[in-house]
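Both counts, for ligands and for their atoms, begin at 1 and track the order of listing. All residue numbers refer to positions in the sequence shown, counting from 1.
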Amino acid sequence: MYTNAPLAIPDSLVQALRQAQHIAILTGAGTSAESGVPTFREAQTGLWAQYDPQELATPQAFQRSPKLVWEWYEWRRGLVAQAQPNPGHYALAQLEQLVPTVTLITQNVDGLHQRAGSRNPIELHGNIMRTKCFAEDKIVTSWAETGDVPPRCPRCGSLLRPDVVWFGESLPYAALQEAQQAARTCDVFLTIGTSALVQPAASLPITAMEAGAITVEINPQSTPLTRYMTHVLAAASGAALPQLLQAVW
Ligand code: OAD
């Protein structure tokens, strides 16, 4: 699927990373592709092939068909639970030992960055392994297994839902503020494995560029961001990131 051909890393990028005091990183589904987690815009497989994720990941879909949406997330949780972090996740976690300040911002809900050792990723779109009450919007960690699908909130009896941001919903305010502050103040901004189609995450690399940061895109495909980037590494993150750390530190 991806070649491990040695990457041509410009010396100016090596120097910028070596001197960086603050590196901010935005990751998307591409960073988990080599862990076997389907990217968001890849075709759904099996039972779910007939559904468009954009039709399932909305509050309206949940209110219309709560059982179907809950079971879709249970299927995805199963996929994520079987997945393992890949060398790209581990390289990003290792970066935190090498650079004074690293801000990892992720659109992914799979928790693989944490499992690879990243200390405090900013989860812009939530985390599929967490559950919250639909009515209270508060995390629920345990509930009575009554056979109800979806299960019900032990506090108020409303339906439970995954703690992920659905289409049409706003991002967690504090997370977005922290991400935007990092984009404004970092020396280098890496955007990795994202199609840069979904706002406001896709604007973060532009905010960094406008604030004078060196910007780097790591993605086998080009995206709407590609032409603005200082550097573009057209490669898979699982192959490119270990090579990047090797070349710089
Ligand atoms: P997408 O599926 O839109 O894009 C995945 C990107 O990863 C594409 O640009 C691929 O070229 C790239 N890619 C694939 N394999 C890769 C690899 N091995 N290494 C590096 N890049 C690779 O996923 P996202 O951009 O993350 O939002 O989607 C952003 C948001 O759209 C998701 O968080 C989700 C969706 O709506 C919500 O759920 C709110």
Notebook entry, point to check: Quick one: does R155's side chain have a donor or acceptor within less than 3.5 Å of a partner on S158's backbone?
Noted result: no
Margin query: When you compare the side chain of L124 with that of L204, does any pair of heavy atoms fall below 4.5 Å?
Written below: yes
Note to self: When you measure from the heavy atoms of G238 to every atom of ligand 1, does any distance fall below 4.0 Å?
What the structure shows: no
Next item on the list: Taking only heavy atoms of H125 into account, list the atoms of ligand 1 that are under 4.0 Å away from them.
Entry: 27 (O), 32 (C), 33 (O), 37 (C), 39 (C)
Note to self: Is the contact between S237 and ligand 1 made by the side chain, the backbone, both, or neither, using heavy atoms and a 4.0 Å cut-off?
What the structure shows: both
Notebook entry, point to check: Who gets closest to atom 5 (C) of ligand 1 by heavy atom: G193, G168, S35?
Noted result: G193
Notebook entry, point to check: Which ligand 1 atoms does E34 reach within 4.0 Å, using its non-hydrogen atoms?
Noted result: 17 (C), 18 (N), 19 (N)
Next item on the list: Check whether any heavy atom of F167 sits under 4.0 Å from an atom of ligand 1.
Entry: yes
Item checked: No-hydrogen, no-angle side-chain donor-acceptor test under 3.5 Å, S195 and T223 -> no
Checklist line | N219 to ligand 1, any heavy atom closer than 4.0 Å | finding: yes
Item checked: P220 N/O under 3.5 Å from ligand 1 N/O -> no
Item checked: E217: which of T226, T191, T194 passes side-chain hydrogen bond (donor to acceptor under 3.5 Å, both in side chains) -> T226
Item checked: L241 side, atom CG; Y90 side, atom OH - distance, nearest 0.5 Å -> 14.0 Å
Note to self: Does this structure show an ion pair linking E169 with K132, if we count only N-O contacts that are shorter than 4.0 Å?
What the structure shows: no
Next item on the list: Heavy-atom distances under 4.0 Å are what count here, so tell me which part of Q107 touches ligand 1: side chain, backbone, both or neither.
Entry: both
Check: Any N or O of T31 that comes nearer than 3.5 Å to an N or O of ligand 1?
Finding: no
Next item on the list: Not counting sequence neighbours, which residues clear side chain to side chain contact (heavy atoms under 4.5 Å, CB included) with R115? List them please.
Entry: Q84, P85, L112
Next item on the list: Apply side chain to side chain contact (heavy atoms under 4.5 Å, CB included) to Q60 and list each qualifying residue two or more places apart in sequence or on a separate chain.
Entry: T58, R64
Next item on the list: Would you kindly specify which portion of T39 sits under 4.0 Å from ligand 1, judged on non-hydrogen atoms: side chain, backbone, both or neither?
Entry: both
Margin query: Using a 4.0 Å cutoff against the non-hydrogen atoms of A236, which atoms of ligand 1 qualify?
Written below: 17 (C), 18 (N), 19 (N)
